There are 2 protein chains.
Amino acid sequence: MEPKIEEKLLLKNIKPTPMRQLVYRMLTQEETALSLSELESKFDKVDKATLYRTLKTFEAHQLIHSIDDGSGSIRYALCDEDCTCRPEQLHLHFVCKICQKTYCLKEKPIPQPDLLDGFTYESANFIVKGVCPSCQK
Amino acid sequence: MEPKIEEKLLLKNIKPTPMRQLVYRMLTQEETALSLSELESKFDKVDKATLYRTLKTFEAHQLIHSIDDGSGSIRYALCDEDCTCRPEQLHLHFVCKICQKTYCLKEKPIPQPDLLDGFTYESANFIVKGVCPSCQK
DNA sequence: ATTTCTTTGCAACTCGGTTGCATCCCAAAT
DNA sequence: ATTTGGGATGCAACCGAGTTGCAAAGAAAT
């Protein structure tokens, strides 16, 4: 499982430093999108600034995507293998009002919005709030 | 035009103090949603904390609604007369990538999202990014 | 081995949002 | 008319997430 991480980074033209491999591994272990601080607290000890820059690098190379779920902080989740972060590939995000977790619903594409004349569409962010399966009943 | 402000506030059970009337009037003059800081800068001199609490009061009484457009700061815009901020009444918001303004597309309802089993729908936030009419050339 | 560029870690700073607290205002009670 | 009580206001201080500067450490190129 592990030997591949280095290659995943290389595939996206990211130099696979130990730090980056560590962060990548951590991200693969999460089923929900994490904020910088949440991610920080998953480690015994990391520098927030380094983590921050690592995430920025990952995002710039489309290894992860960021989600603004309205909580006030941005969350990050791994992109799919073939993701190019283009509008057609954008998916819904779901925020549970109980556990506050942010889920990527990768199989649920964002519907093409119906806009008024004069507005052009480039990208979108569709956040749904409700209760997630693990918090039901 | 002006004599009505007091009544609009009373209608929502908000004590119509001079400060609140002033803020309300300012909001009616905007066609886009404003953040706390943006609103602050529209006045010669206001206290940020008072403005903050005024907005919170307005929001709690459903006179305005807040939008997290992904810019990092929350923006506020007046609700429609009959708005109860219920999911069925939610509308799209549009952020212009050029002028950065956030428009309320009140006549464009948020489509009912198609969710996975186990996820319940309570509310949603649909932000569309692109270029607004005034920035089209 | 030396130079050069990148990455990392620490500290410090920014900025929006938020809170504590004293004061002010107004309305109800006396 | 005066007192009293609760909300509204203004100022200052705080908070936390994000961000930047800078110097040390590491890796790559010469």
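In this text the structure is predicted, and so the values were computed from the model without any measurement. Throughout, protein chains are lettered first and strands after them, A, B, ... in sequence-line order, and every chain is numbered starting at 1.
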Checking contacts here: which listed nucleotide (D/dA8, D/dC22, D/dC11) is nearest the side-chain heavy atoms of B/D47? D/dC11
Within the side chain of B/R20, is there an N or O that forms a donor-acceptor pair under 3.5 Å with the backbone of B/K15? yes
Can you tell me the distance, in whole Å, between the CD1 atom of A/I67 and the P atom of D/dA17? 17 Å
Side-chain N or O of A/T17 versus OP1/OP2 of C/dT8: is the shortest distance under 4.0 Å? yes
Would you say A/Y52 places a side-chain N or O within less than 4.0 Å of OP1 or OP2 belonging to D/dT19? yes
Where the side chain of B/T50 is defined as all heavy atoms beyond and including C-beta, which of D/dG10, D/dG18, C/dT8 is the nearest nucleotide? D/dG10
I need the CD1-C1' distance between B/I14 and D/dA8, as an integer number of Å. 14 Å
Provide, to the nearest angstrom, the distance between the CZ atom belonging to A/F43 and the P atom belonging to C/dG9. 11 Å
Could you give the CD1-to-C1' distance, from A/I74 to D/dG18, as a whole number of Å? 8 Å
Tell me the interatomic distance from B/Q21, atom CD, to D/dA8, atom P, rounded to whole angstroms. 14 Å
Over how many whole Å does the gap from A/D68 atom CG to C/dG16 atom P extend? 16 Å
From the list D/dT9, C/dT8, C/dC10, which nucleotide is the closest neighbour of the side chain of A/M19? C/dT8
Between A/Q62 and A/E59, is there a donor-acceptor pair closer than 3.5 Å when you use the side chain of the first and the backbone of the second? no
Nearest nucleotide by nearest heavy atom, which residue falls closer to the 5' end of DNA chain C, B/K15 or B/G72? B/G72
Nearest-nucleotide pick for A/R20, side chain only, options being C/dA11, C/dT8, D/dG18: C/dT8
Say whether, by atom type as modelled, one donor and one acceptor occur between the side chain of B/N125 and the main chain of B/D68 under 3.5 angstrom. yes
Looking at C/dG17, does its base get a donor-acceptor pair with the side chain of B/K48 below 3.5 Å? yes
Would the distance check show the side chain of B/E122 and the main-chain N or O of A/K129 forming a donor-acceptor pair, the cut-off being under 3.5 Å? no
B/Q136 side chain to A/G118 main-chain N or O, any donor-acceptor pair under 3.5 Å? yes
Answer yes or no: side-chain N or O of B/R53 and base N or O of C/dG20 forming a donor-acceptor pair under 3.5 Å. yes
Between C/dG9 (C1') and A/L51 (CG): distance, integer Å: 12 Å
Quick one: is D/dT20 close enough that its OP1 or OP2 comes under 4.0 Å of any side-chain N or O from A/K56? no
Side chain of B/S37, heavy atoms from C-beta onward: which of C/dG17, C/dT8, D/dC11 has the nearest atom to it? C/dG17
How many whole angstroms separate atom CG of B/L39 from atom P of C/dG17? 11 Å
